[in-house]
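Heads up: the structure comes next, in structure tokens.
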Amino acid sequence: QQQCSHAQVQLAMFSATLLPAVETLARSVLRDPVRVWVGRRNTAAATVKQEIVYVGQESGKLTALRQMLRTGGLTPPILIFVSSKERAAELFRELVSEGVMVDAIHADRTRDQRERVVEGFRAGRIWALICTDLMARGVDFKGVDCVINYDVPKSAVSYIHRVGRSGRAGRRGAALTFFTEDDVDM
């Protein structure tokens, strides 16, 4: 019991983004905290080339994605982020019918289903993984060179975490964000 005294416990917190409220909370529970950040604060990694792709109407997203997949403009494995589990299921149906080695992961899938999908993606059986923001934080896929924001993220924090799935550990990466006329305000 003596080895587990509070004085010997070291707490650490890591995040690509740190909102002021979270920083205040951390200071309230940590003793003599030290803050260290690498690169510019609350920004995407400099190793990720970011591109915005204007697709006109909503239907232009699928057209642009299909064209990129057909012409070899995308090298698997890729992550495709959508705004909801319904959007994930819809895009999955479209791509699987075209023979793309694709799967989807979101909160409606069981833990076992999510684990099988992640394993399939890591093993290369799944080339494109459609996901919600559930996968934007805390998951490391070493081989992902490209992230597609099929739907524009709702916040800068979400964008940073999505984009951060590419260009990990100093490697180069790419992030494409599809946007429509309806996304201009974003």
Side-chain angles (χ1 to χ4, degrees), residues 15-19 39-109 117 121 124 126-186:
S15 182
T17 57
L18 194 59
L19 298 174
R40 291 181 19 216
R41 190 172 182 186
N42 291 331
T43 62
T47 56
V48 179
K49 177 184 175 194
Q50 301 171 60
E51 186 177 337
I52 295 175
V53 180
Y54 178 69
V55 295
Q57 301 293 322
E58 183 65 30
S59 61
K61 292 178 180 181
L62 185 57
T63 302
L65 183 58
R66 283 178 172 146
Q67 182 175 351
M68 289 176 180
L69 289 168
R70 273 191 218 115
T71 62
L74 299 172
T75 304
I78 60 172
L79 291 173
I80 304 171
F81 283 97
V82 293
S83 60
S84 68
K85 55 194 173 194
E86 294 81 15
R87 296 275 291 166
E90 177 186 311
L91 183 57
F92 170 79
R93 283 190 302 272
E94 288 287 343
L95 295 179
V96 80
S97 71
E98 295 179 19
V100 176
M101 295 173 66
V102 64
D103 210 329
I105 193 165
H106 48 73
D108 272 0
R109 309 241 15 214
V117 169
F121 188 65
I126 298 168
W127 292 355
L129 181 57
I130 303 165
C131 32
T132 59
D133 282 335
L134 170 75
M135 296 298 291
R137 292 177 182 242
V139 178
D140 185 23
F141 294 117
K142 289 177 177 54
V144 173
D145 293 328
C146 184
V147 168
I148 297 174
N149 288 306
Y150 192 80
D151 294 328
V152 173
K154 301 291 184 228
S155 70
V157 169
S158 180
Y159 177 83
I160 290 167
H161 284 281
R162 286 178 179 191
V163 169
R165 300 307 95 208
S166 174
R168 308 211 25 104
R171 294 180 60 219
R172 292 266 175 235
L176 305 174
T177 300
F178 292 167
F179 82 101
T180 67
E181 294 170 352
D182 295 337
D183 297 319
V184 170
D185 290 340
M186 296 289 286

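Values reported hereafter were calculated over all heavy atoms of this structure, with side chains retained and with hydrogens, waters and symmetry mates removed.
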Closest non-hydrogen atom pair between Ala88 and His106, with its separation: CB-CD2, 3.9 Å
d(Glu86 CD, Asp108 CG) to nearest 0.5 Å is 7.5 Å
How long is the gap from CD on Glu58 to OG1 on Thr180, to the nearest 0.5 Å? 6.0 Å
Answer yes or no: is there a side-chain heavy-atom contact under 4.5 Å between Asp183 and Asp151? no
Measure across Thr177 and Tyr159 and return the closest heavy-atom pair with its distance rounded to 0.1 Å. OG1-CE1, 3.5 Å
With a 4.5 Å heavy-atom cut-off, do Tyr150 and Leu62 have their side chains touching? yes
Which residues satisfy the ring-ring contact (aromatic ring centres under 6.0 Å, His included) test with Phe92, sequence neighbours excluded? none
Taking side chain as C-beta onward, heavy atoms only, is Val48 less than 4.5 Å from Val147? no
Taking all non-hydrogen atoms of both residues into account, name the closest pair between Pro76 and Leu74 and its distance. CD-O, 3.6 Å
Determine the minimum heavy-atom distance between Val117 and Ala104, stating which atoms define it. CG2-O, 4.1 Å
Show the numbers, then the answer: is there a salt bridge (charged side-chain N to carboxylate O under 4.0 Å, His left out) between Glu90 and Arg93? CA-CA 5 Å; Glu90 177 186 311; Arg93 283 190 302 272; 5.4 Å; no
Which of Ser155, Ser83, Ser84, Ser158 passes side chain to side chain donor-acceptor pair (under 3.5 Å) with Asp133? It is Ser158
Quick one: does Cys131's side chain get under 4.5 Å of Leu79's, heavy atoms only? yes
How long is the straight-line distance from CD1 of Ile130 back to CD1 of Ile105, given to the nearest 0.5 Å? 11.5 Å
Shortest non-hydrogen pair, Val82 vs Arg162, comes out as O-NH2, 3.6 Å
Determine whether Leu69 and Trp127 make a side-chain contact, defined as any pair of heavy atoms from C-beta on separated by less than 4.5 Å. no
Minimal non-hydrogen separation, Phe121 against Val144, with atom names: CE2-CG2, 3.7 Å
For a 4.5 angstrom cut-off between non-hydrogen side-chain atoms, does Ile80 reach Val102? no
Sorted by first residue and then second, give each side-chain hydrogen bond (donor to acceptor under 3.5 Å, both in side chains) pair with at least one member in residues 63-73; sequence neighbours left out. Arg66-Glu94, Arg66-Glu98
For residues Leu176 and Met68, determine if any side-chain heavy atom of one lies less than 4.5 Å from a side-chain heavy atom of the other. yes
Could you tell me whether a side-chain N or O of Ser166 sits under 3.5 Å from a main-chain N or O of Ala174, the two making a donor and an acceptor? yes
How many angstroms lie between CD in Gln50 and CG in Asn149, if you round to the nearest 0.5 Å? 9.5 Å
